[in-house]
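Structure first, then comments.
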Amino acid sequence: MNREQDNLQALGSKTQYRMEYAPEVLETFENRHKDNDYWVQFNCPEFTSLCPITGQPDFAEIKIAYIPADRMVESKSLKLYLFSFRNHGDFHEDCVNVIMKDLIKLMQPKYIEVIGLFTPRGGISIYPYTNYGQPGTKYEQMAIQRMQNRQMI
């Protein structure tokens, strides 16, 4: 990977954490194996956001898995992006959908899924799941199948 060629700013520079939702920190680099289908998975066990009603912190493990197309998300920029939710007020379901949509816009993956394993509040855990497959491809069918067959427990 050539840092300059891919125009990566976060990797190798001093870490600056954003205190507000910041999708603009996300960066990509070229997928060097475009002809292969393969999974990339990120686990963020220390995700934090705020309840939009009470302002109370919500904690979760966010799992992102995708099959890349031409571009891939750079991991440090993803870490900074996920950290930017720390003071962001959104419901659990909104968080996973916003994350997925931002990553689709960023890199147009063949397939992506995001799950949030939120810790209990008031005695109830919430585990929202969302996915996407490129329309008109086998990945769209894969998204439909994975959604229909999703084991939520």
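What you see is a predicted model, and the numbers here were worked out from it, not measured in a lab. Here, residue 1 is the first one in the sequence, and each next residue gets the next number. Scope of the values below: all heavy atoms of this structure, side chains included, with no hydrogens, waters or symmetry mates.
The shortest heavy-atom contact between Y111 and G133 is CD1-CA, 4.2 Å. Of all heavy-atom pairs spanning Y66 and P109, the tightest one is CD1-CB, 4.1 Å. L50 and P57 get closest at one heavy-atom pair: CD2-CA, 3.9 Å. Contact between P68 and Y38 at its shortest, heavy atoms only, is CD-O, 3.2 Å. For the pair F29 and V73, the tightest heavy-atom approach, listed with the atom from each and the gap, is CE2-O, 3.6 Å. Taking both residues in full, the closest heavy atoms of A22 and S84 are given as N-OG, 3.0 Å, listed atom of the first, atom of the second, then distance.
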Can I get a per-line list of side-chain donor-acceptor pairs under 3.5 Å for residues 96-104, giving both atom names and the distance, sequence neighbours left out?
residue : atom : partner : partner atom : Å
N97     : OD1  : T130    : OG1          : 3.2
N97     : ND2  : E93     : O            : 2.8
D102    : OD1  : Y21     : OH           : 3.2
D102    : OD2  : Y21     : OH           : 2.4
D102    : OD2  : Y81     : OH           : 2.6

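Between L26 and L78 there is a side-chain heavy-atom pair separated by less than 4.5 Å.
A donor-acceptor pair is defined here as one N or O able to donate and one able to accept, closer than 3.5 Å; such a pair exists between the side chain of N31 and the backbone of A69. E74 places a side-chain N or O within donor-acceptor distance of the main-chain N or O of K76, the cut-off being under 3.5 Å. For Q134 (side chain) and Q108 (main-chain N/O), a donor-acceptor pair under 3.5 Å exists by modelled atom type.
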Quick one, E30 with R71, criterion side-chain contact (heavy atoms from CB on, under 4.5 Å). Give me CA distance, side-chain angles, the key distance, then yes/no.
CA-CA 5 Å; E30 182 181 357; R71 305 294 298 171; 3.7 Å; yes

Applying side-chain contact (heavy atoms from CB on, under 4.5 Å), run through L117 and K63 and close with a yes or a no.
CA-CA 8 Å; L117 305 173; K63 295 184 175 204; 3.9 Å; yes

Apply side-chain contact (heavy atoms from CB on, under 4.5 Å) to the pair K79 and F42, showing each step before the final yes or no.
CA-CA 10 Å; K79 175 182 78 167; F42 293 101; over 6 Å; no

Determine, step by step, whether I67 and M142 satisfy the side-chain contact (heavy atoms from CB on, under 4.5 Å) criterion, reporting the C-alpha distance in whole Å, the side-chain angles of both residues, the deciding distance to 0.1 Å, and the verdict.
CA-CA 11 Å; I67 300 172; M142 179 180 169; 3.9 Å; yes

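Every side-chain contact (heavy atoms from CB on, under 4.5 Å) that H92 has, sequence neighbours left out, goes to D58, F118, I126, P128.
For CD of E46, the number of neighbouring non-hydrogen atoms (other residues, nucleotides, ligands) closer than 6.0 Å is 12 at most. Residue R121 qualifies as enclosed at atom CZ: its count of foreign heavy atoms under 6.0 Å is above 12.
No continuous path of ILVMFWY side-chain contacts below 4.5 Å connects F91 to V114, so the two sit in separate hydrophobic clusters. Residues I53 and F59 are members of separate hydrophobic clusters, defined by side-chain heavy-atom contacts under 4.5 angstrom among Ile, Leu, Val, Met, Phe, Trp and Tyr.
There is a side-chain donor-acceptor pair under 3.5 Å between Y139 and D37.
In this structure, CD1 in I64 is found 12.0 Å from CD1 in I115, a value given to the nearest 0.5 Å. For the atom pair CD of E113 and CE of M147, the computed distance is 9.0 Å after rounding to the nearest 0.5 Å.
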